[in-house]
Amino acid sequence: MKQRKYHMLTILGPTASGKTTVAAHAAKRLGGEIISADSRQIYRGMDLGTGKDYEDYEIEGQPIPYHLIDIVDAGFEYNVYLFHNDFLKAYNDITEREKFPVLCGGSGLYIEAVLNNYQLIQVPKNHDLRKEMDPKSLDELVRILLDMKPEQHNTTDTENRRRVIRAIEIETYLKQNPELSNNMPEINSLVVGVKYDREHRRKRITERLKQRLENGMLDEVQRLLDKGLTPEQLTYYGLEYKYLTLHLIGEMSYEEMFAKLEIAIHQFAKRQMTWFRRMEKHGTKIHWLDGFMPLEDKLTKISQWLES
RNA sequence: GGUGCCAUAGCUCAGUUGGUAGAGCAACGGACUGAAAAUCCGUGUGUCCCUGGUUCAAUUCCAGGUGGCACCA
């Protein structure tokens, strides 16, 4: 199938919206391959907790190729820049083989980095700088950053020490290497969103949570702890990894864990929707599909949009 | 059946010496460019259980009722 207008199809949606199924079927029809835009599914060994579902990538016995899932070990510090970079490799790989890329995920920042072509370049860790900055207070760090870069592009830079130090590190590097470009091509993507009304979104999240707990999600987190990941690391991964860890190390009863985790996932889905609305406000046209629409109809809609 | 305690936001509970009320959590809205499932900001949504009494005025005081809890039978 030849595509003229669009170089890529993007399928986004909040957690538990069924976007992967839609993306996989669309990829099958388009002779496509999936590039995952999920900041947690990149980790090996983090499966049930991230909602990774390998079965989604097989349709009628035929595997749908996917990229950027299981690419680093749990514990590795990944980030938007690395994603952008890995995305480009996958994208080039797919298009060189004349397949159609389908970007699919719920990590809004990652998706926007690609669609809006964020200018991010590789900035290595600067250990000397970090050592120098480490003893300084948040206020001092913020002042240093503002001196270097009075116009803040990233408004969350000043929220905590870790972020400010990284921002100073990046700014320092840019001063020394002013001419770097990321060579990212402009990609014209059709953007499709899958969503349910709030009530059903919440219902689906709860159902899926119960299911995954029955399928051994606690064992998975225990395995990560056994492998040497610290509770702090797992807590930072948030949601399932945070709350199941707190339960496993005895800081939370099962009931409390379930109740709080359920709430946290609901809040997360809400934040995802806020991000998508923000993308629309900033000019990204999202073609929304109602979750209840039969799969066949969703695919038909997507084909129509792609050709229009 | 008797006695005591309780009844206020979706939940747990403050409070009003009588002038129609506020915390936490939830919920809702927003921000977001290098760990984004992270991080941060904002918003009170209410027959103060019901009926009557006292009072200029009752969610507050009094009586009765209803419901819940505890103890005694």
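So you know, we letter chains A, B, ... as the sequences are listed, proteins then strands, and number each from 1.
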> Within the structure shown, what part of the strands sits under 4.0 Å from A:Leu109 by heavy-atom distance: base, sugar-phosphate, or nothing?
Replying inline: base

> When all nucleic acid strands are considered with a 4.0 Å heavy-atom cut-off, which category describes A:Arg277: base, sugar-phosphate, or nothing?
Replying inline: sugar-phosphate

> What does A:Asp38 touch in the nucleic acid at a heavy-atom separation under 4.0 angstrom: a base, only the sugar-phosphate, or nothing?
Replying inline: base

Donor-acceptor pairs under 3.5 angstrom involving side-chain atoms of residues 123-133 of chain A: please list them, not counting sequence neighbours.
unit_1: A:Asn126; atom_1: OD1; unit_2: A:Asp128; atom_2: N; d: 3.4
unit_1: A:Asn126; atom_1: OD1; unit_2: A:Leu129; atom_2: N; d: 3.0
unit_1: A:Arg130; atom_1: NE; unit_2: A:Glu169; atom_2: OE2; d: 2.8
unit_1: A:Arg130; atom_1: NH2; unit_2: A:Glu169; atom_2: OE1; d: 2.9

> Using purine N1 to pyrimidine N3 plus N6-O4 or O6-N4 for Watson-Crick, or N1-O2 and O6-N3 for G-U wobble, each under 3.5 Å, what pairs with B:U55?
Replying inline: none

> With both distances under 3.5 Å as the test, what is the Watson-Crick or G-U wobble partner of B:G34?
Replying inline: none

>> If you count heavy atoms of other groups shown closer than 6.0 angstrom to NZ of A:Lys99, is the number above 12?
In response: no

>> When both hydrogen-bonding distances must be under 3.5 Å and the geometry is Watson-Crick or G-U wobble, what is B:C11 paired with, if anything?
In response: B:G24

> Using purine N1 to pyrimidine N3 plus N6-O4 or O6-N4 for Watson-Crick, or N1-O2 and O6-N3 for G-U wobble, each under 3.5 Å, what pairs with B:U60?
Replying inline: none

> Is it true that A:Arg40 and A:Glu240 make a salt bridge, defined as a side-chain N closer than 4.0 Å to a carboxylate O?
Replying inline: no

> Side-chain donor or acceptor of A:Arg198 under 3.5 Å from a matching atom on the base of B:A27?
Replying inline: no

>> Between A:Glu214 and A:Lys210, does any NZ, NE, NH1 or NH2 come within less than 4.0 Å of an OD or OE carboxylate oxygen?
In response: no

> Contacts to RNA chain B from residues 230-242 of chain A, heavy-atom cutoff under 4.0 Å, which residues?
Replying inline: A:Tyr236, A:Tyr237, A:Gly238, A:Leu239, A:Glu240

> Using purine N1 to pyrimidine N3 plus N6-O4 or O6-N4 for Watson-Crick, or N1-O2 and O6-N3 for G-U wobble, both under 3.5 Å, which nucleotide pairs with B:U47?
Replying inline: none

Check nucleotides 11-13 of chain B for protein N or O atoms closer than 3.5 Å to its own N or O atoms and list the pairs.
none

> Closest approach of A:Leu299 and A:Ala26, non-hydrogen atoms and distance?
Replying inline: CD2-N, 3.6 Å

> Using purine N1 to pyrimidine N3 plus N6-O4 or O6-N4 for Watson-Crick, or N1-O2 and O6-N3 for G-U wobble, both under 3.5 Å, which nucleotide pairs with B:G1?
Replying inline: B:C72

> Taking everything shown except A:Gln304 itself, do over 12 heavy atoms lie less than 6.0 Å from its CD?
Replying inline: yes

> Is it true that a side-chain atom of A:His287 and a backbone atom of A:Leu190 form a donor plus acceptor pair closer than 3.5 Å?
Replying inline: no

> What nucleic acid atoms does A:Tyr110 come within less than 4.0 Å of, heavy atoms only: base, sugar-phosphate, or nothing?
Replying inline: sugar-phosphate

